[in-house]
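Accompanying notes for the structure given below.
Numbers here simply count residues along the sequence, with the first being 1. Since we're looking at a predicted model, the values are computed, not measured. Counting convention: from 1, in listed order, for ligands and their atoms alike.
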Amino acid sequence: MNKVSRAEVLDFFTKLTEFNSISTSEAYNKDLENCVLFIKTFFEREFKNSLELCRLVRLKNYKPLLIVKIKSRSAKAKTIGIYGHYDVQPEDPVTEWNTDPFRLVNQNKKFYGRGTADNKGHITLNIFSVLDLVRSGKNKNNYIFILEGEEESGNEEGLEQMLRSQKKVLSDVSAFFLTDVGMFDRNKPQIYYALRGIVCFELEIQVGKRDLHSGVYGNLALNPANIISDYIAKLKDPYTNKVGIKGFYNDVKKFSKTEIEQLKVACRTKDQLLKETGLFTIVDINKDNLYLSSKILPSLDINGLWSGFTGSGFKTVIPAKAGVKFSCRLVEFQKADKVEGLIQNFTENYFKEKDGIKYQLSLLAKAEPFYTDVNNEVIIKTAKVLKQVFGNKVIYNRSGGSIPAAEIFQRLFKKPIVLTGFTLPDDNIHSPNENFDEEMFWKGLEALTEIYQNL
Ligand code: BES
Ligand code: ZN
């Protein structure tokens with residue numbers, strides 16, 4: 001890095017972190033808008049002469065997509081797609097944070113703040129690596145930034161539609177970089193070749209018009225909290241994590257011995273996992289390959305649950321309503337539509353012969369599993385630079401997380417997809433005290449600059 005200063009980078013990162021760009025609730029739409037306008041203005045100001053295009057793509061009910069094209073003067077320029085998401089997860093529970101979630105705070109050699117790791121830090125690194133190349137006159141490629149505001153909400157139908165509307169610009173892209181994942185360790189860079197898919201649901205049930213006195217009506221009323229507990233208990237075994245829905249595992253790919261052996265290279269031990277997660281125990285759904293069970297198997301989790309009175313003190317009430325949010329992660333060859341259908345059938349069957357319960361099942365998010373071949377020039381070149389910068393060979397890995405955009409880019413544009421990033425396993429994404437390690441951050445900047453320059 002020579003043409004951009006660390007102060008400049010941090011100034012941008014600081015400002016970017018201050019936007020409450022939470023996409024999971026409508027309440028923050030203005031913050032998301034301000035956030036994307038801030039990024040857009042930055043591009044317009046700093047990239048002036050090399051900016052070929054800088055536009056917000058808008059679609060009703062979706063957050064704007066920022067598309068920016070930076071042009072090189074070289075006649076042989078390739079066009080590199082760079083994806084990021086400027087939206088973040090809610091900061092709750094806010095009392096668990098040691099710092100203000102929407103301030104960038106440098107403490108213990110880490111940058112703390114909601115979105116620092118996922119994905120504002122990486123957005124910052126991408127912008128400044130390209131800016132460095134442009135300013136130094138070394139820039140031999142064109143870059144198209146594709147920055148979305150809906151990743152964390154899973155509203156990916158909007159992304160697909162907006163990308164389709166930009167096909168003309170995006171069809172020039174020869175490879176897409178998605179830096180929205182992390183490293184295995186400080187000196188162990190990774191490239192992911194697979195992500196799990198996801199389907200997210202909300203179920204709300206109602207047994208009457210209003211809450212009732214539990215003394216006066218206990219034994220007479222159905223209690224929706226008990227009903228939803230029973231429903232949940234049938235979704236999966238809470239101790240083994242085996243999903244109870246018929247057919248759920250039908251399409252799951254059998255992984256080859258060779259692949260499993262390769263994946264084991266990047267496995268953590270039980271003790272490491274306990275330390276990393278803060279859990280009191282680890283479930284051995286997949287006894288041979290503890291750490292692999294979040295990568296090579298689908299899973300189902302309750303993500304939120306409510307009913308009755310949960311304030312402080314006590315209220316003797318029979319609630320009228322109960323609700324649950326849950327999601328299934330999918331592995332290769334499972335289809336999101338099919339799993340959606342299984343959950344719908346399961347729910348219909350569950351309530352079929354039960355009187356006096358109204359229920360509504362809504363689908364809140366959906367993304368297909370992603371898989372890509374890593375035998376292409378772009379990934380090989382990227383891996384070479386990562387090795388140089390971090391000192392070790394790249395680990396090719398599967399991730400249990402989901403990035404809907406990866407599969408969408410692959411399906412729409414059929415070009416190599418490179419999934420990498422520079423955060424550490426203790427980055428606390430989606431949790432309190434999310435952070436980006438300071439050393440990793442600067443090394444990430446160096447790595448990206450080098451990667452983009454060498455493509
Ligand atoms: N960056 C994550 C995905 C991720 C996390 C990949 C860890 C690999 C390792 C991304 O921002 C994310 O959280 N995605 C959501 C998508 C969902 C809401 C549709 C996820 O995986 O929960
Ligand atoms: Zn995330």
Side-chain angles (χ1 to χ4, degrees), residues 21-25 62-63 83-92 101 113-123 125-126 147-160 177-185 188-202 263 266 268 276-277 291-292 294-296 298-304 325-331 336 339-340 363-372 395-408 417-432 434-436 444:
S21 53
I22 302 167
S23 62
T24 52
S25 151
Y62 294 100
K63 277 91 196 175
Y83 164 88
H85 63 90
Y86 61 86
D87 63 324
V88 299
Q89 287 274 330
E91 75 280 25
D92 72 292
R114 171 54 85 230
T116 46
D118 185 10
N119 178 236
K120 288 176 173 176
H122 284 120
I123 289 186
L125 297 179
N126 277 292
L147 303 179
E148 70 153 320
E150 206 96 49
E151 201 270 350
E152 301 290 6
S153 72
N155 259 339
E156 297 302 323
E157 265 166 44
L159 178 66
E160 183 164 342
F177 278 77
L178 287 76
T179 46
D180 192 24
V181 295
M183 311 228 317
F184 189 71
D185 209 340
K188 291 188 178 154
Q190 306 193 90
I191 291 178
Y192 283 102
Y193 61 90
L195 296 166
R196 288 198 293 182
I198 192 168
V199 261
C200 303
F201 299 91
E202 179 169 316
L263 287 170
R268 291 186 208 288
E276 177 179 318
T277 57
Y291 187 63
L292 292 185
S294 68
K295 299 174 188 292
I296 62 171
S299 58
L300 184 152
D301 275 290
I302 310 298
N303 305 115
K325 290 178 194 276
F326 63 99
S327 53
C328 305
R329 298 278 173 174
L330 316 177
V331 292
V339 175
E340 182 191 348
L363 177 79
L364 296 188
K366 189 152 95 171
E368 299 294 345
F370 167 80
Y371 172 85
T372 183
I395 296 171
Y396 290 96
N397 210 341
R398 285 179 178 267
S399 170
S402 313
I403 305 171
E407 187 274 335
I408 301 176
I417 310 280
V418 190
L419 275 171
T420 190
F422 311 103
T423 54
L424 292 177
D426 66 354
D427 59 6
N428 293 338
I429 57 170
H430 296 205
S431 290
E434 177 175 352
N435 66 81
F436 203 138

Provide the number and element of each atom of ligand 1 under 4.0 Å from a heavy atom of [X].
| X | result |
| --- | --- |
| Val181 | 6 (C), 8 (C) |
| Ile403 | 3 (C) |
| Ile198 | 19 (C) |

Tell me the protein heavy atom at minimum distance from [atom], and give that distance in Å.
| atom | answer |
| --- | --- |
| atom 18 (C) of ligand 1 | Glu152 O, 3.6 Å |
| atom 22 (O) of ligand 1 | Arg329 NH2, 2.8 Å |
| atom 10 (C) of ligand 1 | Glu151 OE2, 3.1 Å |

His85 side, atom NE2; Leu147 side, atom CG - distance, nearest 0.5 Å: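 Between His85 NE2 and Leu147 CG, I get 10.5 Å after rounding to 0.5 Å.
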Flag side-chain contact, heavy atom, 4.5 Å: Leu419 against Phe370: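 Yes; the side chains approach each other to less than 4.5 Å.
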Glu340/Lys366 salt bridge by N-O under 4.0 Å criterion: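 Salt bridge present between Lys366 and Glu340.
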Heavy atoms only, cut-off 4.0 Å: how does [X] contact ligand 1, side chain, backbone, both, or neither?
| X | result |
| --- | --- |
| His85 | side chain |
| Asp118 | side chain |
| Ile429 | side chain |

For atom 16 (C) of ligand 1, the option (of Ser402, Ser153, Gly400) bearing the nearest heavy atom: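 Shortest heavy-atom distance from atom 16 (C) of ligand 1: Ser402.
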Candidate with minimal heavy-atom separation from atom 9 (C) of ligand 1, of Ser399, Ala405, Ser23: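 When every heavy atom of Ser399, Ala405, Ser23 is considered, Ser399 comes closest to atom 9 (C) of ligand 1.
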Donor-acceptor pair, side chain of Ser399 and main chain of Gly401, under 3.5 angstrom: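 Pair found, side chain donor or acceptor close to backbone of Gly401.
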Side-chain (Thr372) to main-chain (Ile417) donor-acceptor, under 3.5 angstrom: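 Looks like no, no N/O pair under 3.5 Å.
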Closest heavy-atom pair and its distance - Gly400, Lys295: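 Looking at all heavy atoms of both residues, the shortest contact is N-CG, 4.4 Å.
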Ligand 1 contact by Asn119, heavy-atom criterion under 4.0 angstrom: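 Under 4.0 Å: no for Asn119.
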Is it true that the side chains of [X] and [Y] contain a donor and an acceptor less than 3.5 Å apart?
| X | Y | result |
| --- | --- | --- |
| Arg196 | Ser299 | yes |
| Asn397 | Gln190 | yes |
| Tyr83 | Glu148 | yes |

Polar contact flag for Gln89 and ligand 1 (N/O pairs, less than 3.5 Å):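 By distance alone, the answer is no.
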The Zn ion (ligand 2) to nearest N/O/S of Asp118 less than 2.8 Å: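 Checking Asp118: at least one N, O or S atom is under 2.8 Å.
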His85 N/O/S atom closer than 2.8 Å to the Zn ion (ligand 2):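 Given the 2.8 Å cut-off, His85 does not count as a ligand of the Zn ion (ligand 2).
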Where the Zn ion (ligand 2) is the vertex, angle from Glu152 OE1 to His430 NE2 to 10°: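 It is 80°, given to the nearest 10°.
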Parallel, tilted or perpendicular, as decided by the 30° and 60° cut-offs, for the rings of His122 and Phe422: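 Answer is tilted, since the angle falls between 30° and 60°.
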